[in-house]
Amino acid sequence: MTDTRKLQIALIGCGGIAQAHWRGIQAHSPRICVTAVVDTDGARAAAMAAQTGATPFPSLDEALAHGDFDAVDILLPHALHEEAAVCAFAAGKHVVLEKPMAHTLASADRILAAAQKAGTVFMVAEQAHYWPDARATQQMIQAGAIGEIITARAVFGGPVVPSDGGPRPWRYDLALAGGGITMDGGAHWIRPLRMWLGEIDEVVAVTGRPLAEMEGESLARAILRFRSGKVAVLDALTAGAVMGPGEEFRVTGTEGELLIEKGRGGRLLLFDKTHPDGQVILHKDEGRAAAFGYELNDFAGAVLDGTPLEAGPEYSLGELRTAFAIYRSAESHGWEKVWG
Ligand SMILES: NC(=O)c1ccc[n+]([C@@H]2O[C@H](COP(=O)([O-])OP(=O)(O)OC[C@H]3O[C@@H](n4cnc5c(N)ncnc54)[C@H](O)[C@@H]3O)[C@@H](O)[C@H]2O)c1
């Protein structure tokens, strides 16, 4: 018999990432039905309602009182994650929450406690876990394609955010964001490193603020030491300059290298004795966008079927903990532990 059960979900926040989630749901999450959309900006809520066919609400409270859904997808500025998540858990809802879990580690702990009390499904949306290129790299490493890993490098170059006279992005405000580029876009570059090299033990880092309008760091250069003893380098930068091509990731092993190119049209390549000029494994673009749908499909399966999430919320704290260890190291000028 065909399983026709659907997960009714409310999108909380109808800004930039809500569009990516909606596209992902349409293309790859057939078991999710968006029945409510919430935004304090009435025009945004109305536009999202027109797109999705869902009912618009001006606040989460209104949606919880009058909407019809079992789960919420929280897509808000970081400092608003806790209030929304705690409220949704108290109402017995399942929660998927955009990264980072919160703007501070204490706030993340309170969210985790509320999730445990509610006993509902809780997931932090980190789409890098579902990137086909990150997964293919993981599989090739496990299959021994590059031998024993020696080291790795991740280079995140964030989008240029021009000072064009528009409203100041909330990301520039430390009180709302909790940090800068490392805990925001940089998180998507930390997750693949963890998938490939295991858990990070400690970091040493410098940070800077080349983008003066942004209160948090817009530059981070970090060395990550993993529990295995291996080391990797993480670079994160968002600046007001156009940036050239290059690599996003490089994993170097005793038998070869895996390299993921930056930008549109970027590819995953294997370099080894048989392919000294590189063998194209896949083109990453389409899969990167699809990953939003894959992650939400994982969430739907956990709610509807009770299947375990590919990455649970405690695991997903790893990127935030790494970012805060980087911030501590930039202050202390020494190695800082990630997990306490
Ligand atoms: N996974 C990714 O690649 C990715 C990319 C961008 C953003 N994000 C994450 O998504 C989240 C949202 O970021 P964004 O770029 O979409 O922000 P955004 O500013 O584009 O959208 C946020 C929306 O929330 C609304 N809002 C603010 N306060 C509200 C409230 N109290 N109740 C209801 N609505 C409210 C705003 O009006 C706005 O429409 C953040 O956690 C961010 O880090 C993830």
[X] (side chain) donor-acceptor with [Y] (main chain) under 3.5 angstrom:
| X | Y | answer |
| --- | --- | --- |
| Ser29 | Gly293 | yes |
| Thr151 | Val231 | yes |
| Gln279 | Leu270 | no |
| Lys262 | Gly244 | yes |
| Asp39 | Arg44 | no |
| Ser329 | Ala325 | no |
| Arg321 | Leu105 | no |
| Trp196 | Ala134 | yes |
| His188 | Ala128 | no |
| Glu319 | Pro100 | no |

For the residue pair [Y] / [X], report whether a side-chain donor-acceptor contact shorter than 3.5 Å exists.
| X | Y | result |
| --- | --- | --- |
| Glu310 | Tyr130 | no |
| Thr252 | Arg153 | no |
| Ser107 | Glu82 | yes |
| Trp131 | Gln127 | no |

Pair Glu248 + Arg288: basic N to acidic O under 4.0 Å
yes
Between Asp201 and Arg227, does at least one N-O distance fall below 4.0 Å, as a salt bridge requires?
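No, Asp201 and Arg227 are not salt-bridged.
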Does [X] have more than 12 heavy atoms from other residues, nucleotides or ligands lying within 6.0 Å of its [atom1]?
| X | atom1 | result |
| --- | --- | --- |
| Gln142 | CD | yes |
| Arg209 | CZ | yes |
| Glu199 | CD | yes |
| Gln26 | CD | yes |
| Arg264 | CZ | no |

Glu148: partners by side-chain hydrogen bond (donor to acceptor under 3.5 Å, both in side chains), with sequence neighbours left out
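Applying side-chain hydrogen bond (donor to acceptor under 3.5 Å, both in side chains) to Glu148 gives Lys230.
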Flag side-chain contact, heavy atom, 4.5 Å: [X] against [Y]:
| X | Y | result |
| --- | --- | --- |
| Trp335 | Val204 | yes |
| Asp70 | Leu7 | yes |
| Ile25 | Thr52 | no |
| Glu295 | Met123 | yes |
| Asn297 | Pro30 | yes |
| Leu309 | His129 | no |

Have a look at Glu261 and tell me which of Lys284, Arg250, Arg267 forms a salt bridge (charged side-chain N to carboxylate O under 4.0 Å, His left out) with it.
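When salt bridge (charged side-chain N to carboxylate O under 4.0 Å, His left out) is applied between Glu261 and each of Lys284, Arg250, Arg267, only Arg267 qualifies.
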Heavy-atom closest contact ([X] atom, [Y] atom, distance):
| X | Y | answer |
| --- | --- | --- |
| Ser228 | Leu197 | OG-O, 4.1 Å |
| Ile200 | Trp339 | O-CD1, 3.4 Å |
| Val37 | Ala45 | CG2-O, 3.6 Å |

So if you build clusters from Ile, Leu, Val, Met, Phe, Trp, Tyr with side-chain heavy-atom gaps below 4.5 Å, do [X] and [Y] land together?
| X | Y | result |
| --- | --- | --- |
| Leu80 | Val86 | no |
| Val72 | Leu112 | yes |
| Leu269 | Trp189 | no |
| Ile17 | Val96 | yes |
| Leu259 | Ile146 | no |

Does the ring of Phe89 carry Lys117 above it, NZ/CZ under 6.0 angstrom from centre and within 45° of its axis?
no
I want to check a possible cation-pi pair here: Arg194 against Tyr315, using under 6.0 Å from ring centre and within 45° of the ring axis as the test.
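Yes, cation above the ring, under 6.0 Å and within 45°.
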Salt bridge (charged side-chain N to carboxylate O under 4.0 Å, His left out) with Lys99: which residues, sequence neighbours excluded?
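Once residues adjacent in sequence are excluded, the partners of Lys99 under the salt bridge (charged side-chain N to carboxylate O under 4.0 Å, His left out) criterion are Asp184.
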